[in-house]
Amino acid sequence: MHFSELGLGPEVLRAVEEVGYTSPTPIQEKAIPWVLQGRDVLGCAQTGTGKTASFTLPMIEILAQGRAKARMPRSLILEPTRELAAQVAENFELYGKYNKLNMALLIGGESFGDQIKKLERGVDVLIATPGRMMDLFDRGNILLTDIKILVIDEADRMLDMGFIPDIERIVGLLPKIRQTLFFSATMPPEIKRLADQFLLNPREVTVAPPASPAATVTQALVVVDEMDKRQALRHFLKTDDVKNAFIFCNRKKDVATLHQSLVKHGFNAGALHGDMVQSKRTETLEAFKTGKLDLLVCSDVAARGIDISGVSHVFNFDVPFHAEDYVHRIGRTGRAGKSGRAFSIASPDDGKLVLAIEKLIGKEIPRVLVDGLESPELEFEEGGRRRRGRGAAAPKKDKAEVHRPEPRRHQDRRPRDQGEDVVADSPEMDAAPRASAEARPPRSESRDRRDYREDRRGDERRDDRRDDRRRRREDQDDDRTPVIGFGDDVPAFILRAARPPKPAEPDPAEPEV
DNA sequence: AAAAAAT
């Protein structure tokens, strides 16, 4: 199947060709002809399937005829997050290169002025998040009477985010005669109801979810005490050949503190969450995309849909609250047939969350150990009583067998504070051999621990048991090589540890347009 | 529980 067989015009085809794609993905192949015929489409597809181009390409084609009048856009695309909206806008720019279409991106956090100016000039394509869209409408800057095509993207996520009332209101303002394209990764009853309400005799297009990340992404999980999480993360960052990575936190404030901590440790990291100024969000994401930033510490704002090719790792600094988010997060790597690695850092309290994830993905996430860090067992609450178990398996006696040599090309990217010229603020716990814990001046204490304690200042729930453990650890011999030891139950992972396995399915590598 | 989205 070739793009030229879908009924797209020469301008669009030329743009597609220049980007380097020759054959459409399944959803593009199925949906584009229907869209071109003016039919409503109900698309059941996730990001990563080429979904975006399945509506942008035919829309460019359709909108190439005719011209927009001032304030009367001819099409409207609704997206759940600002970043996704921006991504769709880029898509239009890319493929609309040879069709002169006017486009406006209406998202919050950016000045009204420019957006209003564009609307005044007349736009063919309006790409918006619901809040800003309604705001501008209520101010009288948009007339929706000329909308010919409506796209509702990621409907299930809109539902999760509580946007459905907004969406219903917006759709109520549109002409009844129009073409509607409705996409959702899942079809729960509430979404089905919406689809019935918005669509007229739609063609249903369903594509299998892209090879589940569970198959294309090598996963591992470490259980450490809450206060050791940063050190565990840094260990992975330095020893696992990390080219670039998403690092997910559950809370915005933790995104900020972890980001600061990583920067202090010399990592080239940026931060992204929904409370940041939009200009910073855009700038940071762009820097990460173009490789100016190696690491992106982020909240779940970036968990879904964000498409950056060639991300080598995903780290869950926190185990996500919702199991589905785990799948979305690790799906940021291992894209387009490439391999990816995902490490999750759990604290003992995360037992239930880990179980939920393993149930969802249908397998156990291989446990790993970080040398030098104690790995407590996961705890599960059951009927008020605590049951423990299924943490990491006991470390292997024979370390040599599972020893992974300290890598190599990371050395040059490594924070400068490693080694002898350790300065006062220098944090790395293992940086230099030291005497006993008692003999050490307080400032050589790990920064993490200080930060951690500062975070918890005033929090009386300090756990003496932990202090004991900590002392024991600090007394340990210090000239150890950081190694990941693997639990007994995961021999396959050990064998492949140095090189991620090929995806289970030799992915046909359908180019995503 | 948290995060997302309008100011």
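Just so we're on the same page: letters track the sequence lines, and every chain starts at 1. Every heavy atom of this structure was used, including side-chain atoms; hydrogens, water molecules and symmetry mates were not. Everything numeric in this text was worked out from a predicted model, so none of it was measured.
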Between protein and nucleotides 2-7 of chain B, map the contacts as a letter string: B base, S sugar-phosphate only, - none, heavy atoms under 4.0 Å, written 5' to 3'. BSBBBS
Just jot down the side-chain contact (heavy atoms from CB on, under 4.5 Å) partners of A/Asp156, sequence neighbours excluded, or say none. A/Ser184, A/Ala185, A/Thr186, A/Ile191
The side-chain contact (heavy atoms from CB on, under 4.5 Å) partners of A/Lys30 (sequence neighbours excluded) come to A/Val205, A/Val207
For A/Ser344, what residues pass the side-chain contact (heavy atoms from CB on, under 4.5 Å) criterion, not counting sequence neighbours? A/Leu221, A/Asn316, A/Tyr326
Where at least one partner belongs to residues 173-190 of chain A, residue pairs that pass salt bridge (Lys or Arg N to Asp or Glu O under 4.0 Å), sequence neighbours excluded: A/Glu190-A/Arg193
Sequence neighbours excluded, every pair satisfying side chain to side chain donor-acceptor pair (under 3.5 Å) that has a member inside residues 103-116 of chain A: A/Gln115-A/Arg132
